[in-house]
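Basis for what follows: all heavy atoms, side chains included, without hydrogens, waters or symmetry-related copies.
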Amino acid sequence: MPNPDELLVVISAAVESERSNQMSLTVVVGGAVITGRLGPEAVWRERVAGVLRDWDRLGPFSDVFARGPRGNRPDRGEAPTHLHFHLARILQGSLGIPETGGMYRVAIKDVSAWTVGDLIHFDR
């Protein structure tokens with residue numbers, strides 16, 4: 001998708017401005033289906049940094065996520081370029097990976113399809 005979907009950019013900007021993670025979204029990126037809740041980039045970075053701090057080998061990388069390369073985009077008037085998923089799963093058949101949900105960052109320009117809502121799979 002050469003140009004990002006304008007509606008998806010507006011949704012992402014609204015999530016960034018509200019500092020909320022209650023917007024559920026499902027996207028298709030490179031043939032993979034990712035489903036979960038969107039959150040602001042700053043919150044996503046804080047959570048990833050916190051997870052990395054607890055790992056011996058990955059701890060030094062926590063600072064990369066904690067400090068963030070840019071300021072708060074909505075204040076700078078820049079449109080968001082990425083979606084930041086919390087509690088997200090990559091759907092594969094009837095399985096969601098990871099089962100507990102993970103943290104994913106997806107470039108908006110790479111989203112080929114999307115829908116509002118979190119797809120939930122049940123193994124029957």
Side-chain angles (χ1 to χ4, degrees):
M1 189 173 205
N3 295 317
D5 183 315
E6 290 180 29
L7 183 54
L8 200 49
V9 171
V10 170
I11 290 169
S12 182
V15 169
E16 287 290 334
S17 68
E18 295 293 323
R19 293 193 56 84
S20 170
N21 67 348
Q22 298 306 307
M23 178 62 180
S24 295
L25 195 72
T26 299
V27 298
V28 178
V29 180
V33 177
I34 301 173
T35 188
R37 279 194 251 155
L38 292 181
E41 180 177 359
V43 173
W44 182 86
R45 285 177 171 276
E46 288 170 14
R47 290 183 181 169
V48 172
V51 169
L52 292 176
R53 267 187 221 103
D54 294 339
W55 292 28
D56 291 336
R57 292 184 182 182
L58 299 177
F61 292 99
S62 67
D63 289 342
V64 173
F65 288 90
R67 67 176 173 256
R70 297 182 232 185
N72 189 351
R73 277 199 182 102
D75 292 340
R76 295 177 40 140
E78 294 178 28
T81 58
H82 290 78
L83 302 169
H84 296 87
F85 283 93
H86 303 258
L87 303 172
R89 294 173 314 282
I90 297 174
L91 301 181
Q92 178 69 33
S94 63
L95 181 64
I97 305 167
E99 286 184 21
T100 58
M103 308 286 282
Y104 296 100
R105 176 179 162 111
V106 175
I108 294 172
K109 68 177 179 60
D110 293 336
V111 173
S112 59
W114 62 275
T115 188
V116 172
D118 185 0
L119 299 181
I120 299 171
H121 274 51
F122 293 100
D123 204 15
R124 295 182 188 198

Let me confirm one number: the [atom1]-[atom2] distance from [X] to [Y], rounded to the nearest 0.5 Å.
X: S12; Y: H84; atom1: OG; atom2: NE2; result: 7.5 Å
X: I11; Y: W114; atom1: CD1; atom2: CH2; result: 3.5 Å
X: I34; Y: I97; atom1: CD1; atom2: CD1; result: 11.0 Å

Where do [X] and [Y] come nearest, in terms of heavy atoms and distance?
X: F65; Y: R45; answer: O-CB, 3.2 Å
X: G117; Y: T35; answer: O-OG1, 4.0 Å
X: A79; Y: V9; answer: CB-CG1, 3.7 Å
X: L25; Y: F85; answer: O-CE2, 3.5 Å
X: H86; Y: W44; answer: CE1-CA, 3.5 Å
X: S24; Y: R37; answer: OG-CG, 3.6 Å

Is [Y] reachable from [X] through a run of I, L, V, M, F, W or Y residues, each pair having side-chain heavy atoms under 4.5 Å apart?
X: L58; Y: V48; value: yes
X: V51; Y: M103; value: yes
X: V116; Y: V10; value: no

Contacts of type side-chain contact (heavy atoms from CB on, under 4.5 Å), residue V33, not counting sequence neighbours: T26, V28, L91, L119
Who passes side-chain contact (heavy atoms from CB on, under 4.5 Å) against S62, sequence neighbours left out? A49, L52, R53
Any L83 side-chain heavy atom under 4.5 Å of L8 side chain: yes
Main chain of E41, side chain of E16: is a donor-acceptor contact present, judged purely on distance under 3.5 Å? yes
